[in-house]
Amino acid sequence: MAEGERLAGGRTDMCGALRAADAGREVVLTGWVARRRDHGGVVFFDLRDREGVVQVVAHPGEAGAYGAAQGLRGEFVVRVTGPCRVRPEGTANANLPTGEVEVAARRIEVISESLTPPFPVEDRVEADENLRLKYRYLDLRRPEMTRVLRDRHRIFAIIRRYFDERGFVDVETPMLTKSTPEGARDFLVPSRLQRGKVYALPQSPQQFKQLLMVAGLDRYYQIVRCFRDEDLRADRHWEFTQLDLEMSFASEEDVFEALEGMFVRVWTEFLGLEVPTPFARLTYDEVMRRYGSDKPDVRYGMELADLTETFRGSGFRAFARAVEGGGVVKGFAAPGAASWSRKELDGLVQEATSRGAAGLVWIGFAGTEVHSPVARFLADEELAAIRAATGAGDGDLALLVADREDRTNVALDGLRRLMAARLGLVPEGTWAFLWVTEFPMFEWSDDEGKWVSTHHPFTSPATEDLAPETSRARAYDLVLNGFELGSGSVRIHRPELQSSVFDLLGIARPDAEEKFGHLLEAFRYGVPPHAGFAFGLDRVVMLLTGRDNIRDVIAFPKTASGIEPLTGAPSVPSQEQLDLLGIRLR
RNA sequence: GGUCCCGUGGAGCAGCCUGGCCGUGCUCGCCACCCUGUCAAGGUGGAGGUCGCGGGUUCGAAUCCCGUCGGGACCGCCA
């Protein structure tokens with residue numbers, strides 16, 4: 001038997017699982033040395049495995065174990081043999097789940113040694129993220145990171161059980177698939193056998209799941225990796241894991257019911273919390289009006305007020321001009337912020353302009369006093385209207401933006417989130433699920449100079465008359481605490497309607513044939529009406545585990561610039577690889 | 001493509017605004033020794049840094065300026 005095998009075997013318990021009930025048993029433990037406390041005469045160390053830590057004590061009476069314990073260093077992998085016993089009176093550690101017991105080492109074998117780690121393998125020290133990613137295996141050894149990965153697994157398991165019980169069939173779809181013109185940038189994979197052609201990694205299995213409906217699978221789900229080559233963010237990653245589902249002979253209501261049931265199950269089993277159903281629903285128009293965002297955080301107030309009419313023809317020219325130019329004036333009141341310093345207020349202006357707004361007007365109300373750089377331009381009735389519309393009371397700060405509607409909303413949404421966080425208005429432990437419905441069918445793309453799908457081109461319109469400016473889609477988003485979890489829609493299942501939508505999107509018939517012909521053709525062979533949804537599981541895990549960064553819930557993530565510090569990916573390809581693919585770099 | 005923040009022994013920070021007394025300080029780790037009930041053990045001593053890199057200003061730069069690299073947050077982008 002090889003030495004490694006001999007040493008690896010024989011474990012009787014997990015370190016973190018030992019309890020008072022195990023006292024008196026002879027145990028064999030394996031794990032990593034977390035901390036060593038050498039008292040000269042007696043040596044303690046904490047032995048860590050994925051379940052937690054337990055204290056090992058080495059007494060001089062056990063000469064072999066004692067000697068070995070003195071030579072141990074952090075992150076050594078060891079096997080410890082000895083009795084588990086209740087700790088002496090007064091030495092229990094209430095801070096540890098295993099704190100009532102310890103293992104009196106009779107034998108300590110070093111299985112492998114460790115260099116001094118580049119950062120402490122402990123929860124309380126958060127090392128530089130680049131360093132953590134380079135030594136991700138050490139970072140993941142930290143208990144809180146191990147816990148995140150195991151929580152992620154538990155959440156996925158609950159979801160799989162749920163959909164299995166509900167008759168959904170898990171079907172895998174291709175990773176090497178076809179690039180489509182709509183949507184995000186594709187990751188491309190050059191083909192060796194089909195030289196000069198490329199596959200695309202899926203942005204979502206959208207068309208395949210619709211084809212599975214045509215195939216008669218009826219209810220499909222998949223936990224699937226998807227790829228989008230767009231800039232990364234704290235809550236966005238190139239490769240992410242999506243819960244994808246599709247249901248035949250189903251409408252919005254069936255999808256809502258299935259998903260609400262799933263979230264109730266996850267929240268109940270993972271958090272032990274009741275989530276009331278049905279979830280709140282607001283239309284797209286309403287959330288944009290009240291929150292300036294299609295993913296509003298509805299856990300707190302500070303709703304936006306529309307003051308456009310107040311400032312039409314106003315003596316305050318900056319606002320009047322914005323209204324004349326077709327823009328809007330909107331704002332909200334931040335409670336208790338009237339006393340903020342000039343520096344803090346200037347910071348808010350900076351926040352607004354960095355989000356593209358022309359500017360930000362702040363007005364502090366303190367008794368009869370009005371503090372604002374533009375106070376002298378504002379008529380009394382305008383100030384009164386601002387107070388009435390925003391609900392700004394004594395000590396509150398009104399924040400107003402006048403600009404094109406989209407920029408105004410973006411700026412105010414950002415400020416609203418910022419103020420809520422700074423003013424401590426975000427309630428902890430509250431879960432505000434919200435369906436946002438009746439999205440516009442199309443939106444104008446300045447870049448492309450044409451109408452594009454708000455959701456995706458397979459989304460069914462609410463009515464058959466397709467007017468790009470006014471058509472609504474049978475599309476819906478699910479929002480949780482201001483994060484977009486995912487979106488879905490009732491799909492078009494009639495080829496003629498699908499063709500009309502392609503026409504409106506400016507996708508020429510031959511293009512549509514080339515890009516989506518397979519789907520249109522499939523729809524000629526008996527297609528059931530169907531609807532579906534997809535949401536980002538990384539984001540759900542992030543929220544459920546209380547992390548504020550998506551990289552923390554992904555085992556081996558990339559940095560914001562797309563580098564994976566552990567392996568160093570991406571790398572320069574060899575000439576041989578390029579030749580095989582028929583690619584020349586420039 | 002844009003805006004902002006960060007880069008100082010192995011880790012986390014302070015020092016920078018207002019240049020010199022600064023390779024100076026704090027916490028941890030590391031090494032050696034002491035210590036028989038600690039648990040972020042304690043004590044004594046020690047090692048360890050071209051202040052990300054390049055250029056400039058200056059008598060003098062961790063500190064000011066320009067550039068660059070790396071990391072992060074955000075805007076754009078993300079059907």
Does [X] place a side-chain N or O at less than 4.0 Å from the phosphate oxygens OP1/OP2 of [N]?
{"X": "A/R551", "N": "B/A73", "value": "yes"}
{"X": "A/T559", "N": "B/G71", "value": "yes"}
{"X": "A/N130", "N": "B/G7", "value": "no"}
{"X": "A/R73", "N": "B/C31", "value": "yes"}
{"X": "A/T353", "N": "B/U3", "value": "no"}

Comparing A/R236 with A/A127, nearest RNA chain B nucleotide closer to 5' gives the residue A/A127

For A/G74 and for A/P60, find the nucleotide of RNA chain B with the closest heavy atom, then tell me which residue's nucleotide is more 5'.
-> A/G74

Separation of [X] atom [atom1] from [N] atom [atom2], in whole Å?
{"X": "A/F119", "N": "B/C13", "atom1": "CZ", "atom2": "P", "result": "14 Å"}
{"X": "A/D123", "N": "B/C28", "atom1": "CG", "atom2": "P", "result": "19 Å"}
{"X": "A/D235", "N": "B/A73", "atom1": "CG", "atom2": "P", "result": "10 Å"}
{"X": "A/L360", "N": "B/U3", "atom1": "CG", "atom2": "P", "result": "21 Å"}
{"X": "A/L418", "N": "B/A73", "atom1": "CG", "atom2": "P", "result": "16 Å"}
{"X": "A/E62", "N": "B/U36", "atom1": "CD", "atom2": "P", "result": "18 Å"}
{"X": "A/L131", "N": "B/C6", "atom1": "CG", "atom2": "C1'", "result": "15 Å"}
{"X": "A/F187", "N": "B/C78", "atom1": "CZ", "atom2": "P", "result": "15 Å"}

Strictly by Watson-Crick or wobble contacts shorter than 3.5 Å, is anything paired with [N], and which nucleotide is it?
{"N": "B/U24", "result": "B/A14"}
{"N": "B/A73", "result": "B/U3"}
{"N": "B/U38", "result": "none"}
{"N": "B/C33", "result": "B/G43"}
{"N": "B/G19", "result": "none"}

What's [X] touching, base or sugar-phosphate or nothing? Going by heavy atoms closer than 4.0 Å.
{"X": "A/P88", "result": "base"}
{"X": "A/A411", "result": "nothing"}
{"X": "A/S561", "result": "sugar-phosphate"}
{"X": "A/N95", "result": "nothing"}
{"X": "A/E102", "result": "base"}
{"X": "A/Q203", "result": "nothing"}
{"X": "A/S453", "result": "sugar-phosphate"}
{"X": "A/Q55", "result": "base"}

If we require ring centres under 5.5 Å and near-parallel planes under 30°, does A/H39 stack on B/G37?
-> no

Would you call A/R509-A/D503 a salt bridge at under 4.0 Å N-O?
-> yes

Carboxylate-amine/guanidinium proximity below 4.0 Å for A/E122 and A/R124 = yes

Report the nucleotide, chosen from [options], that has the shortest atom-to-atom distance to any side-chain atom of [X].
{"X": "A/R233", "options": "B/C77, B/G29, B/G37", "value": "B/C77"}
{"X": "A/V42", "options": "B/U36, B/C39, B/C77", "value": "B/U36"}
{"X": "A/V57", "options": "B/G37, B/C75, B/C78", "value": "B/G37"}
{"X": "A/A184", "options": "B/C78, B/C35, B/C39", "value": "B/C78"}
{"X": "A/A560", "options": "B/G72, B/C75, B/U38", "value": "B/G72"}
{"X": "A/N549", "options": "B/G37, B/U36, B/A73", "value": "B/A73"}
{"X": "A/H59", "options": "B/U36, B/U38, B/C30", "value": "B/U36"}

Span that lies between the [atom1] atom of [M] and that of [N], in whole angstrom:
{"N": "B/G52", "M": "B/G70", "atom1": "C1'", "answer": "8 Å"}
{"N": "B/G71", "M": "B/C59", "atom1": "P", "answer": "38 Å"}
{"N": "B/G12", "M": "B/C53", "atom1": "C1'", "answer": "23 Å"}
{"N": "B/A73", "M": "B/U57", "atom1": "P", "answer": "37 Å"}
{"N": "B/G7", "M": "B/C16", "atom1": "P", "answer": "12 Å"}
{"N": "B/G9", "M": "B/C66", "atom1": "C1'", "answer": "29 Å"}
{"N": "B/G15", "M": "B/C22", "atom1": "C1'", "answer": "8 Å"}
{"N": "B/G23", "M": "B/U63", "atom1": "P", "answer": "12 Å"}

Taking the side chain as C-beta and beyond, is there a heavy-atom pair between A/L434 and A/P296 under 4.5 Å?
-> yes

Do the side chains of A/S471 and A/W451 get nearer than 4.5 Å, heavy atoms only?
-> no

Assess whether one donor atom and one acceptor atom, taken from the side chain of [X] and the base of [N], lie less than 3.5 Å apart.
{"X": "A/R35", "N": "B/A40", "value": "no"}
{"X": "A/R36", "N": "B/U38", "value": "no"}
{"X": "A/R132", "N": "B/G71", "value": "no"}
{"X": "A/R85", "N": "B/G37", "value": "yes"}
{"X": "A/D231", "N": "B/G76", "value": "yes"}
{"X": "A/R37", "N": "B/C35", "value": "no"}
{"X": "A/E122", "N": "B/G12", "value": "no"}
{"X": "A/R228", "N": "B/C78", "value": "no"}

Between [X] and [Y], a side-chain donor and acceptor under 3.5 Å:
{"X": "A/H237", "Y": "A/R539", "answer": "no"}
{"X": "A/D297", "Y": "A/Y291", "answer": "no"}
{"X": "A/T173", "Y": "A/Q222", "answer": "yes"}

Partner of A/E464 under salt bridge (Lys or Arg N to Asp or Glu O under 4.0 Å), chosen from A/R474, A/R472, A/R494 | A/R494

Specify whether A/W435 and A/F533 have parallel, tilted or perpendicular ring planes, treating 30° as the upper limit for parallel and 60° as the lower limit for perpendicular.
-> perpendicular

Ring pair (Phe, Tyr, Trp, His ring centres under 6.0 Å) between A/W32 and A/Y137: does it pass, once the steps are laid out?
-> CA-CA 13 Å; A/W32 284 262; A/Y137 40 87; over 10 Å; no

